[in-house]
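Report on one structure; see the data block that follows.
The structure presented is a predicted model; accordingly, all values stated were derived computationally and were not measured. The chain is numbered in sequence order, starting from 1. Numbering of ligands and ligand atoms starts at 1, following listing order.
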Amino acid sequence: MSTIDTNMFEPESAILPLLKGTAIDGMAAYEALVKKAQTDRLGFWERLAREHLTWRRPFTKVLDDSNAPFFKWFDDGTLNASYNCLDRHLQDGNADKVAIVFEADDGNVTTITYRQLLARVCRLANALHERGIGLGDRVMIYLPMSIEGVVAMQACARIGALHSVVFGGFSAKSLHERMVDVGAVAVITADEQMRGGRNLPLKSIVDEALTMGGTDDVHTVVVYRRTGGSILWNATRDCWLHEIEAAQPDTCEPEWVSAEHPLFILYTSGSTGTPKGVQHSTAGYLLWTSVTMKWTFDIRSDDVFWCTADIGWITGHSYICYGPTAIGATQVIFEGVPTYPNAGRFWEMIAQHKVSIFYTAPTAIRSLIKASESDKTVHPRRFDLRSLRLLGTVGEPINPSAWEWYAREVGDGRCPVLDTFWQTETGGHMIAPLPGATPLVPGSCTLPLPGIEAAIVDETGVELPNGQGGLLVVKKPWPSMLRTIWGNPERFRHGYYPPELGGNLYLAGDGAIRDPETGYFTITGRIDDVLNVSGHRMGTMEIESALASNPLVAEAAVVGRPDETIGEAIVAFVVLKGPRPTDAEAKKIADQLRAWVGKEIGPIAKPKEIRFGDSMPKTRSGKVVRRLLRSVAKGEAVAQDMSTVENPAVLHQFSEHV
Ligand code: WTA
């Protein structure tokens, strides 16, 4: 990569020391790999795929791009993801290595070895098979953070069924919508989940979703008994996980699937329409989760890895369920929340389990900074964090001051901080520092990983020079990219390979800029109507539709407002069917609407603020002027040119808080 001058980094700009002896050790090694990937792209990926995956039938062809952008990788090879994540470690001397250290919300700790994990996966796989579930069937997973979550996902992979995990914070309606779209035949859930000392329902939400219609194909609901809370029971459909597991042998021949067989479908928000089912492949996806565990996280046999994401998101898929197991690591899985019983929980757990690699979201860091400022007893310096050697972040931009605090107060200035940029669609890290190679700069995810050809282009697809902001694209296909949108290939093609950019560039949906001197990338945020609230992706359209479906509401528009702690806060502008509420009424109606959105989508989508006006500010052609609403949400004076706005007076109403 000619744009990088490795000599330009002054020692003081590389704030943190790099690690020695890592998988990619030094900038020269990085550049050599980048060059190799550019000059012999297929050879580069072929070597990685042979080295990192165990194949049943080796592939003979690396890439089939005859039907671009529907790329196929290693297509004639066969393998099984669960075999790669579990069985392999019984042969490489790691059978009795701890795979998962599970810490429950109440602090209770359970461990499971690779041998035991494989046995549980096989038992559940057999039980699912016995119920007629197999190759290509779709299984919903609606579980709390648990060993069982990993068991359920891996059991699906073992029999070639596709899992679709839904985050436990989503409502019955959201679950239902996904269940119908994916055409599920079974659901794996729990009676309840425990978070922050509270029991929250899961099974009853599944029951509710199953009464909403269009789910007649769901013939089995497997229930993990987490709390023993009371639930309703449908004897023909429901079964206890522990009972069906107990009735099965602990071996199960894996279903050897083709490399391109879908491993899972995970729903995520787009700028328009309903959430989209991002479909990932088996081989390409698994390959990149393993490779990035080595390259980015420099994982070694004695590491204790902890990714705090939920399995309901891609980070939990790639860096809990698949990456760490494929590589045979020991990992921590945590059921609860970072602030219970107090905001020292993360640090206490790192100390207790001797975590060496810690991966979390900027939102969590920012909220823990705040908490430690008001309560010194939960400050990370109060805990023994000497086991840490690497720190990572994901999900949203990390502001330099939070990055520095993380590096200094948590990492004691010893641990590289890896700001990893990637997406549900990319399967694994795309732009991220390598802990033994890349000089770190706060606020930048630095450089693309070898094999990933990221660039910044203008709206016509023309590459921009460093220093000029534009659209982030990936120029060449890579194995772990999404294959399509479930049931909607056109949405995939148009959304990710837009014709305006020439049809051959993957459009990430983020804006970015490269440093003029170093070529380092900084992500400047989404270019579409997707919000990033506490690192969770939310479509403004989804929240608007939820609000508009309330009988009181005539029209709604939703925008994001930058927020110091959660990244972006949801601000909703609402026009009621009746008159604009008085201040006293407004608060009550706002609470009602918030609860409504919680029920429609889930608590994470509740607007932080709701403001009311007589009408929606629109252009003369009837388009809502979101640009102005964004300024209003930020509290900026509405001094912009309003000649195009039909009803500017309403902006003053919307400027008022309730
Ligand atoms: C944002 C999460 C800045 C970005 C793995 C992206 C980031 C979206 C970073 C994907 C980062 C993720 N710096 N922004 N390091 N990582 N994002 O699909 O807007 O939940 O498009 O995947 O999060 O979110 P998703």
Side-chain angles (χ1 to χ4, degrees), residues 165-167 169-170 264-271 275-280 285 288-289 292 296 307-323 359-366 391-400 402-403 406 417-433 438 440-449 452 454 469 471-474 480-482 485 495-496 506-514 520-540 560 562 566-568 604-605:
V165 186
V166 173
F167 172 59
F170 276 119
F264 63 84
I265 294 155
L266 179 61
Y267 283 84
T268 189
S269 294
S271 48
K276 42 194 179 179
V278 169
Q279 178 181 319
H280 275 287
Y285 171 82
W288 198 231
T289 62
T292 49
T296 319
C307 164
T308 68
D310 192 283
I311 52 161
W313 311 111
I314 192 68
T315 308
H317 281 59
S318 303
Y319 298 108
I320 294 177
C321 182
Y322 291 110
Y359 193 35
T360 195
T363 290
I365 297 167
R366 290 191 295 258
L391 299 171
T393 72
V394 59
E396 46 181 328
I398 177 159
N399 44 310
W403 190 102
Y406 194 30
V417 171
L418 313 168
D419 174 359
T420 64
F421 168 82
W422 60 294
Q423 310 175 290
T424 304
E425 294 87 341
T426 69
H429 303 153
M430 297 296 279
I431 308 180
T438 324
L440 301 163
V441 174
S444 169
C445 52
T446 74
L447 297 168
L449 294 180
I452 305 300
L471 313 175
L472 179 65
V473 297
V474 185
S480 71
M481 62 187 290
L482 80 164
I485 295 298
Y496 297 102
Y506 168 85
L507 178 68
D510 282 290
I513 186 163
R514 299 184 72 164
Y520 274 19
F521 287 73
T522 291
I523 307 296
T524 51
R526 298 287 308 190
I527 51 160
D528 51 15
D529 290 324
V530 171
L531 305 182
N532 195 324
V533 183
S534 302
H536 299 155
R537 251 167 94 164
M538 303 289 333
T540 47
I566 59 171
E568 259 183 313
I604 51 171

So, is Thr393 polar-close to ligand 1, with some N/O to N/O distance under 3.5 Å? no
List the closest protein heavy-atom neighbour of atom 11 (C) of ligand 1: residue, atom name, distance to the nearest 0.1 Å. Glu396 O, 3.5 Å
Which residue owns the protein heavy atom closest to atom 10 (C) of ligand 1, what's the atom, and how far is it? Trp422 O, 3.7 Å
How far is atom 24 (O) of ligand 1 from its nearest protein heavy atom, and which residue and atom name does that atom have? Arg537 CD, 3.2 Å
Quick one: do the Thr292 and Tyr319 side chains pair a donor with an acceptor below 3.5 Å? yes
Classify the contact between Thr315 and ligand 1 as side chain, backbone, both or neither, using a heavy-atom distance cut-off of under 4.0 Å. side chain
For Pro397, which part has a heavy atom under 4.0 Å from ligand 1: side chain, backbone, both, or neither? both
Can Gly395 be said to touch ligand 1, with heavy atoms closer than 4.0 Å? yes
Counting only nitrogen or oxygen atoms and a 3.5 angstrom limit, does Asp419 reach ligand 1? yes
Please lay out, stage by stage, how Val533 and Ile604 fare under the test side chain to side chain contact (heavy atoms under 4.5 Å, CB included). CA-CA 8 Å; Val533 183; Ile604 51 171; over 6 Å; no
Is it true that Arg366 and Glu396 make a salt bridge, defined as a side-chain N closer than 4.0 Å to a carboxylate O? yes
Does a donor on one side chain sit under 3.5 Å from an acceptor on the other, for Thr315 and Tyr359? no
When you measure from the heavy atoms of Trp313 to every atom of ligand 1, does any distance fall below 4.0 Å? no
Does a donor on one side chain sit under 3.5 Å from an acceptor on the other, for Tyr285 and Ser318? yes
Please work out, at 4.0 Å between heavy atoms, whether the side chain, the backbone, both, or neither of Thr424 comes within that distance of ligand 1. both
Proximal candidate to atom 6 (C) of ligand 1 [heavy atom criterion; set Asp510, Thr524, Asp528, Val278]: Asp510
What part of Asn532, side chain, backbone, both or neither, has a heavy atom within less than 4.0 angstrom of ligand 1? side chain
Passes side chain to side chain contact (heavy atoms under 4.5 Å, CB included), Phe264 versus Ile314? Steps please. CA-CA 11 Å; Phe264 63 84; Ile314 192 68; 3.9 Å; yes
Nearest heavy-atom contact between Asp419 and Gly443 is OD2-C, 4.4 Å
Going through the distances and angles, do Thr363 and His536 end up as a side chain to side chain contact (heavy atoms under 4.5 Å, CB included)? CA-CA 10 Å; Thr363 290; His536 299 155; over 6 Å; no
Quick one: does ligand 1 sit under 4.0 Å from the side chain of Arg526, the backbone, both or neither, non-hydrogen atoms only? side chain
Test side-chain hydrogen bond (donor to acceptor under 3.5 Å, both in side chains) applied to Thr308 and Thr360, step by step: CA-CA 5 Å; Thr308 68; Thr360 195; 2.8 Å; yes
By number and element, which atoms of ligand 1 are closer than 4.0 Å to a non-hydrogen atom of Val394? 5 (C)
